[in-house]
Number of protein chains: 2
Amino acid sequence: MAMHYLECIAISFGKPNTNCENSSYNEEINLNSISFNKLLFSKEISEMNILSANELTTLAYRKVKEMILSDELKPGQKIVQDKLALDLGISRTPLRSALQILEAEHLVQSIPRRGVIVRKISDQKIVEIYDCRIALECMAVRNFIEIATEKQILKFQKFFKNFDTEKPFDSKTYQEEDIKFHNYIIENCGNEFLTRLFQQGNLVLCISQIGLIRPPSETLLEHRAIIQAIGDRDIPKAVALAEDHLEKSKFLVMEKIERESLRKQNG
Amino acid sequence: MAMHYLECIAISFGKPNTNCENSSYNEEINLNSISFNKLLFSKEISEMNILSANELTTLAYRKVKEMILSDELKPGQKIVQDKLALDLGISRTPLRSALQILEAEHLVQSIPRRGVIVRKISDQKIVEIYDCRIALECMAVRNFIEIATEKQILKFQKFFKNFDTEKPFDSKTYQEEDIKFHNYIIENCGNEFLTRLFQQGNLVLCISQIGLIRPPSETLLEHRAIIQAIGDRDIPKAVALAEDHLEKSKFLVMEKIERESLRKQNG
DNA sequence: ATATTGTATACGGTATACAAAATATATGCA
DNA sequence: TGCATATATTTTGTATACCGTATACAATAT
């Protein structure tokens, strides 16, 4: 049963005289018309070079994702495709494509013949995500130290330079820096698959959605300590610090769950 | 700028008198008409309760995924949507939806206005996936031992019961058992997010695609040792064994990369 | 007053139609 | 014959139409 589409091997891709010559097809696309939420969509974390540029699909994907992560579309809320498509100025087809992707990312749930609703990221899920991050980021720190060039280390040491415990700073900017900091390690540890896994599962973004878990005064010192240990290429110390850093935030979320569980019991 | 679709909160879901009463919407759907590749699509690993039952989309998703993982659709090959849709007996719309999902899973790459091609999973990627699996599965083993009930342990100890080093056995069946074994730990360690991450990233399936890396005679003993250690609830030992088990396979793939790299240099 | 059934409407899922783009083919010219 | 340009064909991406199902609401029965 030889299927006839098996014959259509792609041999002519990347030919000269196309607008894709000599470039990776993973290149990102720019849709300047959309104004991004800087925090949630900082270049490092979600230019989503995973995705291709089905222009309107990409537009819808980004916009809807932004709406979900910024709580403009609320958990449990049903997304009425006609209305949302109208609002975005596109037809339902690309919107539905975008929703398929968001469903694969688990940000949205499709119920057959009912529609698509926004998923809720429970605190329990946040704890679970933290456990995954701890496992993966510790691995990333280890590998990063092993393979990082001096140049990479130097660039890494620039993180949080502009933040000072003395004078107050914008917490949104701080959170953005936090995201970039963690992503830098992930993206430079020599494991491309890891980067993709983080993007696919929104491991960083999902947690960021609930805002800062601990005050910068606390985490800034930890970040600095991690930077120091990595600069010294002290693997055991860096891994321990990174683990502790995430573990502490996770613990706070666990405490919150505990508190709310007790409150429920006591009425 | 209050958007009008914000008002359409889904409140009436799960009403009685519908055919969805009292049931989770995550329930799986059965499309008996499709014959699955048992190995690649064993119930445990990919009934994909993540996905909703857009019936034809789901059908296309499964079928195309199976075709990719079984090498019926080969890496680099272009998927001509018209032809494939015709072959599957559906229109391009649900096929395209399926391809969107597969792209999010990175099994396929979409190039704007050119088409969709099947991605190649390089040996280098396999190594990267192994690193992620080592980090995550060690965490899973630890948590599984901590929370597993006696019943779960007992069920777990049944794995590989029917395999004997003395008499030969079907390697496909063995690989299937291997997949189930690893998935059992992942799915019972109390971290639902982890399960999803494995499904989303195809962490187990991608590696299985290249077939058995080491002979069962070797891995069977390791599997048994892990089972033993978990049965004893010996966390350090179990984690060490699990890590070693994966690390050994990873090492073989790394050696293969090395060999091929040398062969290339020497012509 | 409450429950039940029937009907209207809204909405989701799929197929199809159409336009834009890319690839393949043909034509003309050196 | 070989290359450049023009034309035809294929194929993708988007919009829209259609159909079936789910929900809402009203009318009727209990």
Side-chain angles (χ1 to χ4, degrees), chain A residues 4-5 7-21 25 29 31 51-61 63-64 77-103 108-117, chain B residues 4-5 7-21 23 25 29 31 51-61 63 77-103 108-117:
Chain A
H4 48 287
Y5 45 79
E7 296 152 24
C8 319
I9 308 284
I11 40 166
S12 53
F13 280 39
K15 254 187 170 178
N17 253 341
T18 77
N19 55 4
C20 284
E21 49 194 325
Y25 289 111
I29 4 78
L31 293 163
L51 292 175
S52 75
N54 290 354
E55 293 176 21
L56 295 191
T57 298
T58 308
L59 183 148
Y61 166 80
K63 194 69 192 147
V64 177
Q77 183 174 348
K78 183 178 171 185
I79 292 173
V80 179
Q81 300 174 10
D82 256 335
K83 287 177 181 166
L84 185 49
L86 195 73
D87 249 339
L88 297 176
I90 58 175
S91 81
R92 267 177 53 223
T93 309
L95 173 60
R96 283 177 58 81
S97 288
L99 291 175
Q100 293 277 3
I101 299 166
L102 291 169
E103 194 190 4
V108 128
Q109 179 181 20
S110 170
I111 299 162
R113 309 230 155 258
R114 297 281 174 69
V116 173
I117 59 171
Chain B
H4 49 288
Y5 46 76
E7 296 150 24
C8 319
I9 307 284
I11 42 167
S12 54
F13 281 37
K15 250 189 169 177
N17 252 341
T18 77
N19 56 3
C20 283
E21 50 193 323
S23 68
Y25 289 112
I29 6 78
L31 292 163
L51 293 175
S52 76
N54 293 351
E55 293 176 21
L56 294 192
T57 298
T58 309
L59 183 147
Y61 166 80
K63 194 69 191 146
Q77 182 174 347
K78 181 179 172 186
I79 292 174
V80 180
Q81 300 171 13
D82 252 336
K83 286 179 181 165
L84 185 48
L86 195 74
D87 248 339
L88 297 176
I90 58 177
S91 81
R92 268 174 55 221
T93 310
L95 172 61
R96 283 175 61 83
S97 289
L99 291 175
Q100 293 278 5
I101 299 166
L102 291 169
E103 194 191 3
V108 128
Q109 178 181 23
S110 169
I111 300 160
R113 306 234 153 250
R114 295 284 173 70
V116 173
I117 60 170

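Excluded from the calculations below are hydrogen atoms, water molecules and symmetry mates; all remaining heavy atoms, backbone and side chain alike, are included. Naming: A, B, ... by sequence-line order, numbering from 1 per chain.
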Rounded to whole angstrom units, what separation is found between the NZ atom of B:K83 and the P atom of C:dT23? 15 Å
Scanning both residues in full, the closest heavy-atom pair of B:S110 with B:P112 reads O-CD, 3.8 Å
From OG1 (B:T58) to CD1 (B:I101), nearest 0.5 Å: 7.0 Å
Interatomic distance, A:L99 CG vs C:dG12 P [rounded to whole Å]: 10 Å
What is the distance, rounded to the nearest whole Å, between atom CG of A:L59 and atom C1' of D:dG13? 14 Å
Taking NZ from A:K78 and P from C:dA10, how many angstroms apart are they, rounded to a whole number? 12 Å
Interatomic spacing from CG in B:L95 to CG in B:L59 - rounded to 0.5 Å: 10.5 Å
Measure all distances between protein nitrogen or oxygen atoms and nitrogen or oxygen atoms of nucleotides 16-19 of chain D, and list the pairs falling under 3.5 Å.
from	atom 1	to	atom 2	distance (Å)
D:dT16	O4	A:T93	OG1	3.3

Please determine whether a side-chain nitrogen or oxygen atom of B:R113 lies at a distance below 4.0 Å from atom OP1 or OP2 of C:dA20. no
Please report the interatomic distance CD(A:E103) to OG1(B:T57), rounded to the nearest 0.5 Å. 9.5 Å
C:dG13 phosphate, OP1 or OP2, under 4.0 Å from A:Q81 side-chain N/O: yes
Atom-pair distance (CD1 on A:I101; P on D:dG13), nearest Å: 12 Å
With a non-hydrogen cut-off below 4.0 angstrom, is B:T57 in contact with a base, only sugar-phosphate, or nothing? sugar-phosphate
Mind calculating the distance between CG (A:L88) and P (D:dA15) to the nearest angstrom? 11 Å
Using the closest heavy atom to pick a nucleotide of DNA chain D for each, name whichever of B:D82 or A:P94 lands nearer the 5' end. B:D82
Indicate yes or no: at least one non-hydrogen side-chain atom of B:L88 is less than 4.5 angstrom from one of B:L56. no
Looking at C:dG13, I'd like to know if its phosphate oxygens (OP1 or OP2) sit under 4.0 Å from a side-chain N or O belonging to A:R96. yes
Shortest non-hydrogen contact from A:A60 to A:P94? CB-O, 4.1 Å
State the CG-CD1 distance between A:L99 and A:I79, to the nearest 0.5 angstrom. 5.5 Å
In whole Å, what is the span from the CG atom of A:L95 to the P atom of C:dG12? 10 Å
Rounded to whole angstrom units, what separation is found between the CD atom of A:E103 and the P atom of C:dG12? 14 Å
